[in-house]
Amino acid sequence: MALKQLNIAAGIIRNASKEIFITQRDASSHMAGFWEFPGGKIEAGETPEQAVIRELQEEVGIDAKSPVLLKTLEHRFPDRIITLYFFLVEDWQGEPYGKEGQPKRWVAQAGLKEEEFPPANEGIVTALKNNQY
Ligand SMILES: Nc1nc2c([nH]c(=O)n2[C@H]2C[C@H](O)[C@@H](COP(=O)(O)OP(=O)(O)OP(=O)(O)O)O2)c(=O)[nH]1
Ligand SMILES: [Mg+2]
């Protein structure tokens with residue numbers, strides 16, 4: 001069986017106090033219960049930047065301005081290969097919230113924990129913790 005190939009755009013929403021807005025994945029979803037940077041699948045005909053702007057409107061209710069691509073990571077799960085495009089979002093309109101009813105919280109960048117995120121996020125979480133971005 002061919003592996004599913006998914007392209008995902010996610011937003012690292014960071015405020016002036018160096019806190020990052022994260023949300024928890026639904027119990028019924030892939031990677032259920034893990035915390036994530038809000039985002040989702042890049043649709044046909046969309047650029048990763050267009051996708052992250054749309055996903056942040058849909059999931060957390062903000063209009064992201066000038067997202068900056070920080071890092072692209074590929075991860076192979078038993079049933080799928082995903083490519084993740086992580087964007088830094090420091091400029092937006094609105095106040096992020098769990099628009100789909102998902103739990104959310106602001107967490108200090110230095111207090112991020114790799115084990116709270118899906119395995120594909122390890123590289124980006126470590127880089128953020130180490131103040132690489
Ligand atoms: N948004 C997001 N997804 C992540 C992260 N890390 C990670 O492995 N993923 C994986 C989990 C999922 O397999 C995939 C995201 O897909 P998704 O289910 O959120 O897609 P979507 O928002 O378009 O949702 P849907 O329309 O299919 O319900 O990427 C992350 O930090 N943020
Ligand atoms: Mg999503």
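As the structure lists them, so they are numbered: ligands from 1, and atoms in each ligand from 1.
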Completion exercise
Given the options Glu49, Glu90, Gln50, Pro67 meets side chain to side chain contact (heavy atoms under 4.5 Å, CB included) only with Glu49

Fill in the blank from the handout: min-distance protein heavy atom vs atom 31 (O) of ligand 1 -> Asn121 ND2, 2.8 Å

Exercise for the section: For the Mg ion (ligand 2), check which protein N, O or S atoms are under 2.8 Å away and list them. Expected result: Gly39 O, Glu59 OE2

Practice task
Output every pair passing side chain to side chain donor-acceptor pair (under 3.5 Å) with a member in residues 108-118, not counting sequence neighbours, ordered by first then second residue.
Solution key: Arg14-Gln109, Arg105-Glu116, Glu114-Thr126, Glu114-Lys129

Fill in the blank from the handout: heavy-atom search around atom 20 (O) of ligand 1 in the protein gives Lys41 NZ, 3.2 Å

Exercise for the section: Using distance alone, determine whether Phe37 and ligand 1 share an N or O pair under 3.5 Å. Expected result: yes

Handout entry: Numbered atoms of ligand 1 (with element) below 4.0 Å of Glu36, judged on heavy atoms
Key = 1 (N), 2 (C), 3 (N), 30 (C), 31 (O), 32 (N)

Practice task
Looking only at protein heavy atoms, identify the closest one to atom 18 (O) of ligand 1 and say how far it is in Å.
Solution key: Arg25 NH2, 3.2 Å

Handout entry: atom 22 (O) of ligand 1 - nearest protein heavy atom and its distance
Key = Glu59 OE2, 3.0 Å

Handout entry: Heteroatom proximity flag, Gly39 to ligand 1, N/O under 3.5 Å
Key = yes

Practice task
Examine the proximity of ligand 1 to Ile82 and report which part, side chain or backbone, both or neither, has a heavy atom under 4.0 Å away.
Solution key: side chain

Handout entry: 4.0 Å heavy-atom contact, Arg80 with ligand 1
Key = yes

